[in-house]
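Hydrogens, waters and symmetry mates play no part in the numbers below; they use all other heavy atoms, side chains included. Indexing begins at 1, ligand by ligand and atom by atom, following the structure's order.
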Amino acid sequence: MRQQVCETQKIVLLSHVNADGDACGSLLGCMLMLDQAAKQAQKIVPILPNGLPKSFGWLTGSDRIVSGERELTLCQSLIEEADLILCLDLNAPSRIDFLQEALIKSNAFKVLVDHHHNPASEYFNLVFSDPEISSTCELLLWLSLELWGRDYLNSEVARCLYTGLRTDTGGFAFSCSQPSCFDAAALLVSYDIRPAEIHNRIVNTFSYNRMMFYGFALSHRLEIYPEQHAALFSFTLDDQRSYNVTSEDMEGLVNYTLMMEPIEVGALVREEQGKTKVSLRAKGDVDVNLLAKQLGGGGHTKAAGATCFMSMDETVKKVKALMGVEGQEPLKTISAS
Ligand code: 5GP
Ligand code: MN
């Protein structure tokens, strides 16, 4: 792998749709290391199917990210012509949505670095996958140390990798029961990355609209089923339009369901153009990856999701059935806004 990186000329880096901190952090951290390690490279291009979320625009190198949505033909040809493709924080080509065919067709050497369950290994030449590990950023850090020691680690790379570690663990609350997660954090913090500043850039970024939307969501769009230990948010396109919020603004909202003591499984169902997006979260013994799989999605045991090509009403019905609350009366009925 070390040799391969050194000799490769055209490298493409890919991560999943609706990129989160781990996707952006691993994509850019990897790119910044390859900038130094891939000595023959003429091009190292990071691609995100629907671009970089605004909230991660402060990461070094984010201006180099090419959006599949904005530059589809360019992305398809970059993928087709690449010698080496690194797929980060995704377990199957379907996670890059409309770019998946280009990836499957490409003759590049394809490497997967990921921590989701059920990696679709058949599409890759080399697979680094560990569902026990906190984040792709952590896995990438260990892999880079194996390949290059600390030669290409610097504070910009460390900030990228720490971002993924921090966001995927919800600020070191989840999927961090292995000591290696904290070993990784300690090593990254030693590169003068200012964790408090990163925290502010990730967490304290609400627009007023977003804050008002959260108020609306909690008052009018949350159904609570205490006996079934479940709760569910649902938002139509109209809800989102009237508060002028995007999917990015809803990042993290689903976690509010679990803040109620008896709730063990929470869902957020969001209407999109022509499809419906589901986010699932769990605490305790519930495995939401299994629920997400029944909706054609996947993810992790405590955080999973799916994209359903059904109406919002049908999706809500299905999610309720999976949570065992279909036909039950919620504690708080939804009132029109
Ligand atoms: P979120 O609820 O934050 O969108 O996603 C949580 C996790 O669920 C993600 O890290 C990802 O692993 C998984 N996930 C979200 N959406 C989808 C989807 O449409 N398909 C699949 N297979 N996994 C998803
Ligand atoms: Mn991840």
Side-chain angles (χ1 to χ4, degrees), residues 14-30 48-50 53 55-56 87-98 100 112-120 123 128-141 160-170 172 174-176 181 184 202 232-235 246-258 265-272 274-282 286-310 315 318-319:
L14 279 165
S15 194
H16 59 81
V17 284
N18 300 333
D20 56 9
D22 198 27
C24 298
S26 57
L27 193 76
L28 294 174
C30 190
L48 286 174
N50 55 345
S55 48
F56 295 107
C87 289
L88 299 147
D89 201 37
L90 58 93
N91 60 350
S94 59
R95 296 288 287 138
I96 56 168
D97 210 334
F98 51 87
Q100 63 182 301
L112 179 68
V113 183
D114 181 48
H115 69 133
H116 293 89
H117 290 279
N118 315 112
Y123 293 103
F128 300 94
S129 166
D130 181 358
E132 298 300 315
I133 215 157
S134 67
S135 53
T136 298
C137 280
E138 183 192 332
L139 184 54
L140 186 61
L141 174 65
C160 291
L161 299 186
Y162 182 86
T163 296
L165 206 65
R166 198 213 167 281
T167 51
D168 258 28
T169 58
F172 302 100
F174 319 114
S175 53
C176 55
C181 170
I202 292 169
L232 171 136
F233 283 110
S234 52
F235 304 107
T246 61
S247 59
E248 236 186 277
D249 292 316
M250 266 169 263
E251 182 81 38
L253 181 55
V254 64
N255 298 319
Y256 279 68
T257 56
L258 301 184
V265 56
L268 186 151
V269 182
R270 179 169 52 80
E271 187 180 21
E272 282 190 5
K275 58 190 172 191
T276 309
K277 187 81 197 46
V278 181
S279 281
L280 296 164
R281 297 290 184 274
V286 184
D287 180 347
V288 280
N289 181 41
L290 294 178
L291 302 189
K293 268 201 204 155
Q294 298 201 47
L295 296 165
H300 311 281
T301 318
K302 301 293 167 215
T307 308
C308 301
F309 295 91
M310 303 185 278
T315 310
K318 232 175 158 173
V319 171

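Among the heteroatoms counted here (N, O or S) of Asp168, OD2 is the one nearest to the Mn ion (ligand 2). The nearest N/O/S atom of Asp22 to the Mn ion (ligand 2) is OD2. Of all N/O/S atoms in Asp89, OD1 sits nearest the Mn ion (ligand 2).
Proximity of Thr257 to Leu232: side-chain heavy atoms (C-beta onward) are nowhere separated by under 4.5 Å. Using a 4.5 Å cut-off on side-chain heavy atoms (C-beta onward), Ser26 and Val113 make no contact. Put simply, the side chain of Ile96 does not reach to within 4.5 Å of the side chain of Val17, judged on heavy atoms.
Here the straight-line distance linking atom NE2 of His115 with atom CG of Asp89 works out to 4.5 Å at 0.5 Å rounding. Distance check: His116 NE2 to Asn289 CG gives 9.0 Å after rounding to the nearest 0.5 Å.
Listed by number with element, the atoms of ligand 1 under 4.0 angstrom from any heavy atom of Gly297 are 20 (N), 21 (C), 22 (N). Per-residue contacts place Ser279 under 4.0 angstrom from the following atoms of ligand 1 (heavy atoms of the residue considered): 1 (P), 2 (O), 4 (O).
Ranking the protein heavy atoms by distance from atom 24 (C) of ligand 1 puts Gly305 O, 3.4 Å first. The protein non-hydrogen atom at the shortest distance from atom 12 (O) of ligand 1 is His116 NE2, 2.7 Å. Here the heavy atom of the protein found nearest to atom 7 (C) of ligand 1 is Ala303 O, 3.7 Å. At the shortest separation from atom 19 (O) of ligand 1 among protein heavy atoms lies Thr307 OG1, 2.6 Å. Nearest protein neighbour of atom 6 (C) of ligand 1, counting heavy atoms only, is Arg281 NH1, 3.7 Å. Counting only heavy atoms of the protein, atom 16 (N) of ligand 1 lies nearest to Lys277 NZ, 2.8 Å.
The two residues Phe233 and Leu253 make their nearest non-hydrogen contact at CE1-O, 3.4 Å. Considering every non-hydrogen atom in both Phe98 and Pro49, the closest pair reads CZ-O, 3.2 Å.
In terms of polar-atom proximity, Gly298 is counted as a contact of ligand 1, with an N or O under 3.5 Å from an N or O of the ligand. Residue contacts with ligand 1: Asp20 is placed with no nitrogen or oxygen under 3.5 Å of a nitrogen or oxygen of the ligand (distance criterion only).
Shown here is Lys302, whose NZ atom has more than 12 heavy atoms of other residues, nucleotides or ligands within 6.0 Å.
The heavy atom nearest to atom 17 (C) of ligand 1, considering only His300, Arg95, Lys275, is found in Arg95.
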Run the numbers on Asn18 and Asn50 for side chain to side chain donor-acceptor pair (under 3.5 Å), then give the verdict.
CA-CA 7 Å; Asn18 300 333; Asn50 55 345; 2.8 Å; yes

